[in-house]
Amino acid sequence: MPYTVPKLTDFSTPALDSAVRELLSALEQESAAVSSENDWKAFRDRWMARKSGVLTQLNDLWLKAAPGPGKREVGQRVNELRDRVETRVLETKEHCDTLSIARSIVDKRHPIIDLARAFIEASERAGGQTLTTDEAFSKAEPVDITLPGIRRSLGAEHPVIKTMNEIIGVFRNLGYSVEEGPEIETDYYNFEALNFPPNHPARDTQDTLFIAGQESKPLRERLLLRTHTSPVQIRSMEKMKPPVRVVCPGKVHRNDALDATHSPIFHQVEGLAVDTNITFCDLKGTLDHAMKALFGSSVKTRFYPSFFPFTEPSADVQISCIFCGGKGARDGGPCRNCKASGWIELLGCGMVDPNVYGFVDYDPAKVSGFAFGMGVERIAILKYGVDDIQLFFNGDVRFLEQFG
Ligand code: DAH
């Protein structure tokens, strides 16, 4: 039964003593049961709320009810009780705060975890008696400082970032610099300036999320999640005059259903080289070198005709299958990785379409260049033999720590 303030009829000293004792014992018990901020608030209100808290009831049921001659003593008692209750409520708050800090430290495995645990244990051992921090630690089990410490496991670079840095490294060694651009792009940079005119069917291959509520803006200013890193080509050419040699790593988004090889979010590294007299031979030589640097010097490349609006001619680059060495067969059967073809398609590339130069004020009669774009997860999947792209994004430490 929770404590309720009794109506007093007997105002003699022994009767008051007993009523006070009963009240104080209820105060102790209820304070000891407080173990959270919410408990404490309820405790505080029960004892101190202006309208119907225990202190207010003491005024009504004891002080006001006391007969004339007894009023003085009852008044003194009630004042003392008010001090006791107020002090107790504050002490309980301090205890409760310290407990909650200690708990959060323990949950977060903070280095002072042992001390915090000792505080909690000491406070539990004290059986509800409130303790200051100093008292609790002085009652705590001594800490054995000869025990081994807490070993913090080392983090590892995420395989996608690791692969991205490796790709960037290859191009840095060729004299490329790194450029980055926004993940939320305008229609202009993601499509129009890359020679995807409005309503061009090539846009259908790169569906994405559009920011809502932009119908009143002209199409080219509308915001979307970029579908490729190619917009950074445009941003780079706007910023610098030829010669340009940049790689642009980053996250991209597509309206693609999840499966073992597709994810609505993935990463690309884009490349762009513009200068005088750059030819398709430069493109072939550069990418052949890059693929050998990434997959080993025995890898061969071949260029297959393809289409991208912003390059002309365009090509898909295939590398000889790294699983079967390009033979198309492995372990006495067809190679599953290259579907027995001996080749794996890896990236897109081409010579920058002269129309694109028109958007950035380059003179197509004077300069030429090539561009390429590759999916980082795709390369990581091949390099590390990962069989499901989702593994990169699930955050499962057992998978990730293999790359440490
Ligand atoms: N942006 C293309 C895509 O996401 C990849 C690409 C192809 C980039 C050819 C290029 C390029 O720079 O020249 O599918």
Side-chain angles (χ1 to χ4, degrees), residues 179-239 244 246-259 261-274 283 303-318 345-362 364 368-379 389 393:
E179 285 291 321
E180 286 180 305
E183 232 176 286
I184 302 179
E185 258 304 0
T186 57
D187 185 280
Y188 176 77
Y189 285 108
N190 196 76
F191 291 125
E192 194 179 332
L194 287 163
N195 204 27
F196 290 79
N199 301 319
H200 192 280
R203 287 182 172 226
D204 293 348
T205 61
Q206 303 202 2
D207 189 18
T208 183
L209 287 173
F210 291 77
I211 309 293
Q214 305 185 89
E215 294 71 16
S216 60
K217 286 188 189 168
L219 179 67
R220 51 163 48 195
E221 285 171 26
R222 293 189 199 164
L223 296 169
L224 45 83
L225 298 186
R226 70 176 175 194
T227 57
H228 49 179
T229 41
S230 307
V232 191
Q233 288 185 23
I234 305 295
R235 291 181 175 277
S236 305
M237 287 191 279
E238 280 178 345
K239 266 203 320 211
V244 171
V246 292
V247 274
C248 321
K251 194 184 284 171
V252 300
H253 304 253
R254 296 271 172 100
N255 181 12
D256 278 346
L258 280 178
D259 65 23
T261 53
H262 292 85
S263 159
I265 298 179
F266 60 103
H267 298 77
Q268 289 187 333
V269 174
E270 185 84 12
L272 174 72
V274 183
L283 170 59
F303 290 68
Y304 227 73
S306 183
F307 171 77
F308 300 101
F310 40 95
T311 43
E312 183 60 36
S314 304
D316 283 328
V317 182
Q318 303 180 341
E345 201 171 289
L346 207 52
L347 62 132
C349 66
M351 301 305 291
V352 177
D353 191 304
N355 283 349
V356 172
Y357 294 132
F359 286 97
V360 295
D361 238 358
Y362 278 16
S368 59
F370 61 76
F372 54 87
M374 56 189 99
V376 179
E377 284 79 0
R378 173 119 178 86
I379 293 181
I389 196 171
F393 304 112

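At most 12 non-hydrogen atoms from other residues, nucleotides or ligands lie less than 6.0 angstrom from CG of Asn199. More than 12 heavy atoms of other residues, nucleotides or ligands sit less than 6.0 Å from atom CZ of Phe210. Within a 6.0 Å sphere centred on CD1 of Ile211, heavy atoms belonging to other residues, nucleotides or ligands number more than 12.
Shown here are the side chain to side chain donor-acceptor pair (under 3.5 Å) partners of Glu270, two or more places apart in sequence or in another chain: Thr229, Ser230, Gln233. Under the rule for a side chain to side chain donor-acceptor pair (under 3.5 Å), the partners of Asn255 that lie at least two apart in sequence or sit in another chain are Asp207. The side chain to side chain contact (heavy atoms under 4.5 Å, CB included) test applied to Pro197 returns His200, not counting sequence neighbours. With sequence neighbours left out, the ring-ring contact (aromatic ring centres under 6.0 Å, His included) criterion links Phe191 to Phe196. Partners of Glu238 under the side chain to side chain contact (heavy atoms under 4.5 Å, CB included) rule, at least two apart in sequence or in another chain, are Tyr188, Tyr189, Ile234, Val360. With sequence neighbours excluded, the residues forming a side chain to side chain donor-acceptor pair (under 3.5 Å) with His262 are Asp259, listed by chain and number. With sequence neighbours excluded, the residues satisfying side chain to side chain contact (heavy atoms under 4.5 Å, CB included) with Ser263 are Ile265, Ile389, Gln390, Phe393. Not a single salt bridge (Lys or Arg N to Asp or Glu O under 4.0 Å) links Glu377 to another residue, sequence neighbours left out. In this structure, Glu180 has no side chain to side chain donor-acceptor pair (under 3.5 Å) partners at least two apart in sequence or on a different chain.
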Give the C-alpha distance, both sets of side-chain angles, the deciding distance and a yes or no for salt bridge (Lys or Arg N to Asp or Glu O under 4.0 Å) between Glu215 and Arg222. CA-CA 8 Å; Glu215 294 71 16; Arg222 293 189 199 164; over 6 Å; no
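The salt bridge (charged side-chain N to carboxylate O under 4.0 Å, His left out) pairs that include a residue from residues 193-203 are Asp187-Arg203, where partners are two or more places apart or lie in different chains. Among residue pairs with one or both ends in residues 191-202, those qualifying as salt bridge (charged side-chain N to carboxylate O under 4.0 Å, His left out) are Glu192-Arg220; sequence neighbours excluded.
Here the CG atom belonging to Leu225 is positioned 4.5 Å from the OG1 atom belonging to Thr208, to the nearest 0.5 angstrom. Separating the SG atom in Cys248 from the CD atom in Glu179 is a distance of 6.5 Å, to the nearest 0.5 Å.
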Enumerate donor-acceptor pairs with a distance under 3.5 Å from any side-chain N or O in residues 346-359 to protein atoms, sequence neighbours excluded.
from, atom 1, to, atom 2, distance (Å)
Asp353, OD1, Asn355, N, 2.8
Asn355, ND2, Asn195, OD1, 3.4
Tyr357, OH, Gly369, N, 3.0

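Considering every non-hydrogen atom in both Phe308 and Asp316, the closest pair reads CZ-OD1, 3.8 Å. Annotation for Thr205 and Arg254: closest pair O-NH1, 4.2 Å, computed over non-hydrogen atoms.
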